[in-house]
Amino acid sequence: MQGIVFAGNRQVELREFPDPTPGPGEVVLEIKASGMCGSDLKLYRAAPGEAQRAMGFKPDVVNIAGHEPCGIVVAVGAGVNPKQAWVGQRAMVHHYRGCGACPHCSTGWQQLCVEGVAEVYGVTHHGSHARYMKVPASTLVTLREELSFSTGAAIACGTGTAWGGLHRLELAAEHTVAIFGQGPVGLSATQLAAAMGARVIALDVSDERLARARELGAAHTVNPARDDAVAAIRELTGGLGAHGAFEAASSPQARQQAVQCVRTWGKVVFIGEGGQVTLDVSPDLLRRQVTLMGSWTFSTVGQKACTDFIADRGIDVDALFTHRWTLEQADEAYRIFDAQTSGKGVFLL
């Protein structure tokens with residue numbers, strides 16, 4: 001089979017790999033949709049092995065990219081519980097593998113494994129930008145029949161990550177939430193928060209992405225490159241500030257504004273990977289009783305809950321996608337995605 005590889009320095013290659021065979025406790029998926037995630041860009045832009053080293057992984061093996069997998073189970077290894085996985089199952093993958101036995105792994109948080117994450121698909125082990133993908137049966141989350149494979153791919157990381165962060169904020173229908181960054185995760189958060197009944201203020205430096213945010217349910221949009229973001233949010237909330245802020249921009253300025261824009265007793269969640277932030281602790285946090293949190297993706301339980309919410313509410317997650325690609329178009333796909341002005345992209349197989 002062919003698979004997409006990040007060769008380093010914004011170069012992608014389509015290379016040949018053997019078709020996988022499931023071992024004990026494993027399955028093979030025939031991939032139908034594999035999403036493009038903003039965190040892929042760190043691997044795409046970096047020198048060969050540089051991003052893996054920065055994450056604490058050994059860059060000694062070339063792996064297939066992609067960590068938003070969705071497809072159909074076509075082979076099942078020995079010892080797999082037939083209630084957990086079966087041939088013909090429509091499934092997403094929780095894209096981590098831990099020890100499987102510690103308190104975090106046993107509750108679906110394999111990325112928080114006490115022993116350390118052994119595998120991150122698309123980074124340390126083969127990912128989903130290929131025809132087939134081998135994973136433990138324990139990483140599967142069934143995709144409901146009414147949802148497309150593209151929607152499943154989005155839930156497998158970007159949309160699921162947005163779901164996890166919004167739940168850290170404990171949003172209610174009467175709340176106003178400021179969502180910083182309208183890339184794939186931020187747009188997902190805008191769509192989900194609006195579906196929860198919250199009033200969304202979407203922020204981004206790209207007018208194209210702000211237009212997408214309005215289409216997906218944002219009540220107001222702000223471009224921080226032109227306007228004072230904190231002042232604009234306070235004006236839209238009667239001077240009080242937002243109830244919550246969701247930061248998906250990985251920008252020091254956006255992080256600072258996210259903290260400063262919430263009202264007294266407000267909550268802030270940081271989603272964007274990497275980078276730093278500078279805060280004046282007393283006025284920004286202490287003297288306004290602000291709660292600041294981090295959120296890293298989601299559990300298998302959260303992935304299932306997100307899937308059910310989307311299916312039950314009839315949310316059009318496919319509307320997130322502005323580009324659909326074949327594997328052979330990988331170079332063009334990542335060049336466009338790297339500009340960070342478009343919506344979400346997906347490889348369809």
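Positions are given from 1, in the same order as the sequence printed here. Note that the structure is predicted; figures quoted are calculated from it, not measured.
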Validation row: [X], [Y] side chains within 4.5 angstrom (heavy atoms):
| X | Y | answer |
| --- | --- | --- |
| Met92 | Thr307 | yes |
| Thr21 | Val28 | no |
| Asp40 | His67 | yes |
| Tyr132 | Leu29 | no |
| Thr300 | Thr139 | no |

*Could you go through the side chain to side chain contact (heavy atoms under 4.5 Å, CB included) check for Val76 and Val73 one step at a time?*
CA-CA 7 Å; Val76 176; Val73 176; 3.8 Å; yes
*side chain to side chain donor-acceptor pair (under 3.5 Å) partners for Glu208, two or more places apart*: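 Partners of Glu208 by the side chain to side chain donor-acceptor pair (under 3.5 Å) criterion come out as none, since no residue qualifies.
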*Partners of Glu115 by side chain to side chain donor-acceptor pair (under 3.5 Å), sequence neighbours excluded?*
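With sequence neighbours excluded, Glu115 shows a side chain to side chain donor-acceptor pair (under 3.5 Å) to no residue whatsoever.
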*Roughly how far, to the nearest 0.5 Å, is CG of Leu112 from NE2 of His104?*
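That separation rounds to 5.5 Å.
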*Could you check Arg131 against Ile31 for side chain to side chain contact (heavy atoms under 4.5 Å, CB included), going step by step and ending with a plain yes or no?*
CA-CA 5 Å; Arg131 173 64 63 185; Ile31 298 298; over 6 Å; no
_Within the 6.0 Å centroid threshold, strictly below: His94 and Phe298_ =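 For His94 and Phe298, the ring centres are under 6.0 Å apart.
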*Are the aromatic rings of Trp325 and Tyr334 close, with centres under 6.0 Å apart?*
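That pair fails the under 6.0 Å test.
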Check [X] against [Y] and note the closest heavy-atom contact, atom names and distance.
| X | Y | result |
| --- | --- | --- |
| Gly183 | Asp204 | N-OD2, 4.1 Å |
| Ala229 | Val222 | CA-CG1, 4.2 Å |
| Ala189 | Leu166 | O-CD1, 3.7 Å |
| Pro48 | Ala7 | CG-O, 3.4 Å |
| Leu348 | Ser150 | CD2-OG, 3.4 Å |
| Ala218 | Thr221 | CB-CG2, 4.4 Å |

Give a yes or no on whether [X] and [Y] share a hydrophobic cluster (residues Ile, Leu, Val, Met, Phe, Trp, Tyr; joining criterion: side-chain heavy atoms under 4.5 Å apart).
| X | Y | answer |
| --- | --- | --- |
| Leu210 | Ile233 | no |
| Val277 | Leu285 | yes |
| Leu279 | Val230 | no |
| Ile155 | Leu320 | yes |
| Leu292 | Val177 | no |

Residues [X] and [Y] bridged, charged N to O under 4.0 Å:
| X | Y | result |
| --- | --- | --- |
| Glu30 | Lys32 | yes |
| Lys267 | Glu170 | yes |
| Arg335 | Glu332 | no |
| Asp19 | Lys134 | no |
| Arg226 | Asp207 | yes |

_Please evaluate residues Ser299 and Gln110 with respect to the criterion side chain to side chain contact (heavy atoms under 4.5 Å, CB included), reporting the C-alpha separation (whole Å), side-chain torsions for both, the decisive distance (0.1 Å), and the verdict._
CA-CA 7 Å; Ser299 67; Gln110 297 189 87; over 6 Å; no
When you compare the side chains of [X] and [Y], does any donor N or O come within less than 3.5 Å of an acceptor on the partner?
| X | Y | value |
| --- | --- | --- |
| Ser295 | Arg168 | no |
| Ser138 | Gln84 | no |
| Ser206 | Gln340 | no |
| Thr326 | Gln329 | yes |
| Arg199 | His220 | yes |

*Begin with the C-alpha distance, continue with both residues' side-chain angles, and end with the deciding distance and a verdict on side chain to side chain donor-acceptor pair (under 3.5 Å) for Glu68 and Ser128.*
CA-CA 7 Å; Glu68 294 192 341; Ser128 56; over 6 Å; no
*With Tyr96, which of Trp296, Tyr121, Trp109 fulfils ring pair (Phe, Tyr, Trp, His ring centres under 6.0 Å)?*
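It is Trp296, the one option of Trp296, Tyr121, Trp109 that forms the ring pair (Phe, Tyr, Trp, His ring centres under 6.0 Å) with Tyr96.
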_From CA spacing to verdict: side chain to side chain contact (heavy atoms under 4.5 Å, CB included), Thr322, Lys344_ = CA-CA 6 Å; Thr322 55; Lys344 193 169 178 64; 5.9 Å; no
*asked:* Whether Arg324 engages the ring of Phe347 as a cation-pi pair (distance to the six-membered ring centre under 6.0 angstrom, angle to the ring normal within 45°) should be assessed.
replied: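 No, Arg324 does not lie over the aromatic ring of Phe347.
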*Answer yes or no: are there more than 12 heavy-atom neighbours, outside Glu215 itself, under 6.0 Å from its atom CD?*
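Check passes, neighbour count above 12.
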